[in-house]
Amino acid sequence: MCGIVGYVGRKRAAPILLEGLKKLEYRGYDSAGIATLDEGKLHVVKRKGRVEELVSAAENLEGNIGIAHTRWATHGAPSERNAHPHSYGGVAVVHNGIIENAGELRAECEARGETFSSETDSEVIAHLIAAAFRGELLAAVREGTARLKGSYAIAVLCEGAGNVIAAAKRGSPLLVGKGGGSVLASDLPAAAAFAEKVYALKDGEFALLTEDDVRLFGGELKEIVRDPLKFDLKEEGAGKNGFSHYMRKEMAEIPVSIANSIVDLKAQSRFLAINIVLCQTYYIQIVACGTAYHSGVAAKAAIEALARVPVEVSVASEYRYRDPIVPKGTLVIAVSQSGETADTIAAAKLAKEKGATVLAVTNVAYSSLTEVADVCLLTHAGREIAVAATKSFMAQLAALYSIASALADIKGRSAPSLVSLPALAEDALARSERVKGWAQAIARSKSVYFIGRGFDYAAALEGSLKLKEVSYLPSEGYPAGELKHGTLALVGEHSPVIAIIGDEKVADKTMNAVFEVLSRGARVFLVTTVEGLGEGTLPKEDILTLPACEGVYSPLLTVIPLQMLAYETAVLFGLDPDKPRNLAKSVTVE
Ligand code: F6R
């Protein structure tokens with residue numbers, strides 16, 4: 001999390017840096033700051049809150065060279081004091097990542113009389129580089145970063161070093177670019193907005209940016225020659241397209257996102273590498289976090305049902321620390337929208353070390369995860385700006401169902417066709433407008449329970465996460481049959497239950513749970529693909545019937561009204577669903 005950006009060229013740096021920060025704000029938005037060098041002197045401006053707060057404060061900042069940062073707090077509360085850039089001894093630093101030995105290094109600096117002005121782990125980087133600076137900034141950055149444990153992408157300005165920005169990367173993403181000046185940024189769209197040629201730095205590498213050139217260096221500061229990235233950012237439409245929020249606009253893009261992410265892996269030669277891997281697959285482990293984990297839960301159910309290949313699905317942060325057993329021939333599928341989630345990347349690396357083949361399912365080409373993976377299946381959700389994942393979840397499901405279908409074929413089984421799913425999702429989206437009425441009741445509740453069985457359980461988990469994320473209401477997703485083993489104690493008049501039934505085979509069983517909660521006084525809202533279900537039991541307005549769909553693929557439909565419900569509830573509370581408190585889009589720290 002955190003976004004960093006840098007610019008050196010012939011134009012004033014501040015407007016470019018602010019523009020870059022706005023593009024990176026999805027990575028964190030609790031404070032922001034900017035530093036420029038003007039006539040050799042450092043000028044730093046910082047503000048608590050969103051980038052917008054910084055705009056007027058940085059208006060008069062002069063200088064054609066600068067670095068900037070938008071923060072998601074790890075060490076130290078969100079405040080102006082803890083905002084980046086951090087400066088010491090004429091050195092200013094912006095940092096994305098976590099320095100794990102910051103306490104120890106800070107104590108060393110303090111012992112030699114240096115004072116600190118923040119509680120962050122990042123400030124120590126400025127101290128180390130200032131101590132190492134003897135006229136050559138890159139050498140000082142190398143010496144300073146050699147002491148760091150943890151992850152970092154940093155950009156450094158220094159009085160007395162000339163008009164240069166030095167950068168270093170280990171474990172956090174960093175891209176540099178040139179053309180009309182030189183830039184650096186945490187992601188491709190931000191770098192590509194200001195540069196014609198963009199290069200991705202690898203772990204352990206450094207870069208030196210001047211007005212005319214960008215140079216890349218390896219660990220020993222030996223210069224590296226690298227090809228620029230090939231990219232096409234046409235699909236990166238950034239406007240709200242007439243919607244009040246990105247979240248709602250991105251939901252409107254769900255059908256296209258699904259259509260673009262369904263692939264017939266068996267039919268196209270460009271997927272040969274994936275096919276070869278699938279042909280050798282008898283056991284799968286899926287690793288992911290948050291919403292991507294929920295797509296993994298749905299994929300496990302689908303792959304096991306369709307291909308009869310056993311699948312284990314793990315939260316990546318658990319997987320990486322439990323010394324997982326990875327039998328020979330295991331395929332590990334790492335699912336991540338951003339491709340930058342630290343825990344997912346670490347889990348993928350660990351799986352590789354243990355001999356697994358890693359298949360990345362990600363929305364971002366050239367992300368850190370694609371570097372680690374053996375093979376990659378890109379989802380085509382387009383850029384997702386709202387922090388809460390909506391269309392990218394659907395794209396993940398589409399890609400994972402495509403894998404399930406190909407695997408079923410390889411195993412000599414048949415899987416239902418995926419082709420009608422975008423049209424069904426379009427229909428489901430239109431019908432979901434009705435849940436606006438439900439949001440009134442949800443907003444009055446103390447807590448909300450989402451229940452589902454089998455394929456519907458993944459939908460329940462995701463519906464609950466979405467509601468928590470954007471409306472801040474306590475909520476839980478639960479297997480329908482498990483409710484009576486404890487959680488039922490919490491259900492009552494002020495705790496509505498959302499029942500999800502997309503799989504007709506278990507409809508009666510989940511309806512049993514519905515009766516159980518109804519008789520304890522809870523209001524039940526039913527989301528189902530089964531025509532006529534719930535009628536006579538629930539008021540008509542509490543039932544949302546979606547188009548009929550194969551149960552195995554039904555989370556692609558049933559999650560749509562749940563996303564809508566979360567969105568409408570947040571709007572009702574007057575919250576900004578695009579930027580929920582305490583969260584960030586890309587979780588690049590553990
Ligand atoms: C929820 C959400 C998060 C992410 C999680 C993993 O709406 O967006 O739970 O799903 O942080 O992110 P990626 O998919 O980028 O690895």
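Position 1 is the first residue of the sequence; numbering continues from there. Ligands are counted one by one from 1 in listed order, and the atoms in each one are counted from 1 as well.
- Salt bridge absent: Glu312 and Lys300 never bring a charged side-chain N and a carboxylate O closer than 4.0 Å.
- Shown in contact with Ser336 at under 4.0 Å from a heavy atom are these atoms of ligand 1, numbered in order with element: 13 (P), 14 (O), 15 (O), 16 (O).
- Among all non-hydrogen protein atoms, the one lying nearest atom 15 (O) of ligand 1 is Ser338 OG, 2.6 Å.
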Begin with the C-alpha distance, continue with both residues' side-chain angles, and end with the deciding distance and a verdict on side chain to side chain donor-acceptor pair (under 3.5 Å) for Glu462 and Thr291.
CA-CA 6 Å; Glu462 181 56 10; Thr291 287; 3.0 Å; yes
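- The protein atom (non-hydrogen) at minimum distance from atom 14 (O) of ligand 1 is Gln337 N, 2.6 Å.
- Residue-ligand proximity: His294 is placed with every non-hydrogen atom at 4.0 Å or more from ligand 1.
- Taking atom 11 (O) of ligand 1 as the reference point, the nearest protein heavy-atom neighbour is Val587 CG2, 3.8 Å.
- For ligand 1, the atoms closer than 4.0 angstrom to any heavy atom of Val387 are 8 (O).
- Counting only heavy atoms from C-beta outward, the side chains of Ile403 and Leu359 approach each other to under 4.5 Å.
- A side-chain donor-acceptor contact under 3.5 Å links Thr362 to the backbone of Gln337.
- Although no hydrogens or angles enter the test, the distance criterion places no donor-acceptor pair under 3.5 Å between the side chain of Glu53 and the main chain of Arg50.
- Between Asp374 and Lys352 the shortest side-chain heavy-atom distance falls below 4.5 Å.
- Closest protein heavy atom to atom 12 (O) of ligand 1: Thr341 OG1, 3.4 Å.
- Taking the centre of each ring, Tyr567 and His245 come in below the 6.0 Å mark.
- Between Leu369 and ligand 1 there is no heavy-atom distance shorter than 4.0 Å.
- Each of the atoms 7 (O) of ligand 1 lies under 4.0 Å from some heavy atom of Ala388.
- Under 4.0 Å from ligand 1, the heavy atoms of Lys466 that appear belong solely to its side chain.
- At the shortest separation from atom 3 (C) of ligand 1 among protein heavy atoms lies Thr291 N, 4.0 Å.
- Close contacts of ligand 1 with Ala292, meaning ligand atoms under 4.0 Å from a residue heavy atom, involve 10 (O), 14 (O).
- When the heavy-atom distances from atom 6 (C) of ligand 1 to Ala288, Ala389, Gly290, Cys289 are ranked, the shortest goes to Cys289.
- Between the side chain of His69 and the backbone N or O of His95 there is at least one donor-acceptor pair closer than 3.5 Å.
- Checking Glu340 against Ser368 by side-chain atom types alone, a donor-acceptor pair falls below 3.5 Å.
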